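Take a look at the structure below.
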Amino acid sequence: MKKFLLGVLLIILIGLLLLPPGLRWFANDLFKEKVEKKDVVTIVNCQKGEDTINTTYFNDTPYDFRYIVKGNYTLENENTGNSENLETTNNFDNSIIYDIRSSSMVNYSEDSDTTTFHILLSSVEMINEKLRNYTKLPEEQQKYYTSMGFQCTMSKV
């Protein structure tokens, strides 16, 4: 019986001796400090004359899009047949308005004579290919708008 207890005790001591190297090999993630990834909010602000485009990104995923244009571009204005504002603007302004109008909330301010197109991209499915043209990665988006004549700034928070 003594030999049996000595054998069990010997096995336990060998197990305790091998425990630290075993933990270093198999449980090394338990001892490392976990690095928390910080969320990054990027804002691309582009301006051309009185037109402004603001796009907000959360970890390089488009989140919020605003296009502010001088004039009245509400749906009511289009339905009355008054399209004088659409004729006086350039082709880029016309194309972006037609591309985003169906997905955006449109607000007209009589005080400043501006129309704001606002899209909360987290609630809109990005299945519309035309909408994807205006919500690329921040660096690509800045280059795209710069090539269209906008002056762009990018800031990360």
Side-chain angles (χ1 to χ4, degrees), residues 18-157:
L18 296 177
L19 183 65
L23 287 177
R24 271 181 274 188
W25 283 355
F26 299 112
N28 59 358
D29 291 337
L30 297 175
F31 299 110
K32 290 183 181 177
E33 290 183 27
K34 295 190 179 190
V35 178
E36 292 183 25
K37 182 179 177 186
K38 293 186 179 183
D39 294 329
V40 177
V41 176
T42 306
I43 301 169
V44 177
N45 185 8
C46 299
Q47 196 163 10
K48 176 179 162 183
E50 295 178 344
D51 297 350
T52 304
I53 297 174
N54 294 321
T55 310
T56 305
Y57 298 86
F58 183 73
N59 293 332
D60 289 339
T61 303
Y63 179 75
D64 187 60
F65 178 85
R66 288 181 194 266
Y67 179 52
I68 303 169
V69 62
K70 186 78 169 168
N72 186 356
Y73 293 93
T74 59
L75 292 174
E76 294 83 23
N77 187 31
E78 184 180 275
N79 291 336
T80 61
N82 184 5
S83 61
E84 60 190 45
N85 285 335
L86 293 177
E87 293 173 4
T88 60
T89 57
N90 64 28
N91 290 336
F92 174 75
D93 294 340
N94 290 339
S95 66
I96 189 172
I97 290 169
Y98 288 126
D99 291 345
I100 67 173
R101 176 174 276 161
S102 63
S103 303
S104 62
M105 295 177 284
V106 182
N107 294 323
Y108 174 68
S109 171
E110 290 182 14
D111 297 337
S112 60
D113 188 32
T114 58
T115 304
T116 302
F117 296 90
H118 179 236
I119 304 172
L120 187 60
L121 297 169
S122 62
S123 64
V124 176
E125 290 186 31
M126 298 297 285
I127 57 173
N128 186 354
E129 188 64 35
K130 293 178 181 179
L131 192 56
R132 286 188 196 168
N133 290 334
Y134 305 108
T135 55
K136 300 175 185 175
L137 290 175
E139 290 81 15
E140 294 175 14
Q141 201 64 42
Q142 185 178 15
K143 288 178 186 175
Y144 175 75
Y145 289 132
T146 303
S147 70
M148 296 296 172
F150 284 83
Q151 299 293 325
C152 296
T153 59
M154 185 179 353
S155 58
K156 295 188 179 196
V157 180

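Keep in mind it's a predicted model, so treat the numbers as computed, not measured.
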request  = Could you list the residues that satisfy side-chain hydrogen bond (donor to acceptor under 3.5 Å, both in side chains) with Asp39, not counting sequence neighbours?
outcome  = Asn59
key: Close side-chain approach of Val44 to Cys46, heavy-atom, < 4.5 Å   = yes
message = Going by side chain to side chain contact (heavy atoms under 4.5 Å, CB included), name the residues that satisfy it together with Thr56, two or more places apart in sequence or in a different chain.
response = Val41, Ile43, Asp64
side-chain hydrogen bond (donor to acceptor under 3.5 Å, both in side chains) involving Thr116 - partner list, sequence neighbours excluded = none
note = Closest non-hydrogen contact found for Phe65 with Tyr145 is CE1-OH, 3.5 Å
request  = Could you pull out all residues at least two apart from Thr146 that satisfy side-chain hydrogen bond (donor to acceptor under 3.5 Å, both in side chains)?
outcome  = none
ask   = With sequence neighbours excluded, what pairs up with Asp60 under the side chain to side chain contact (heavy atoms under 4.5 Å, CB included) test?
value = Thr42, Leu137, Pro138
message = Are Ser109 and Asn107 packed together at the side-chain level, in the sense that at least one heavy-atom pair is separated by less than 4.5 angstrom?
response = no
note = Between Lys48 and Met148 the two heavy atoms that sit nearest each other are NZ-O, 3.3 Å
inquiry  = I need the Phe117 CZ to Ile96 CD1 distance, nearest 0.5 Å.
reply    = 9.0 Å
query = Are Asp113 and Tyr108 close enough, and set up right, to give a side chain to side chain donor-acceptor pair (under 3.5 Å), and what steps lead you there?
reply = CA-CA 7 Å; Asp113 188 32; Tyr108 174 68; 2.6 Å; yes
message = Test of understanding: with side chain to side chain contact (heavy atoms under 4.5 Å, CB included), list the residues that count as partners of Glu139, not counting sequence neighbours.
response = Met154, Lys156
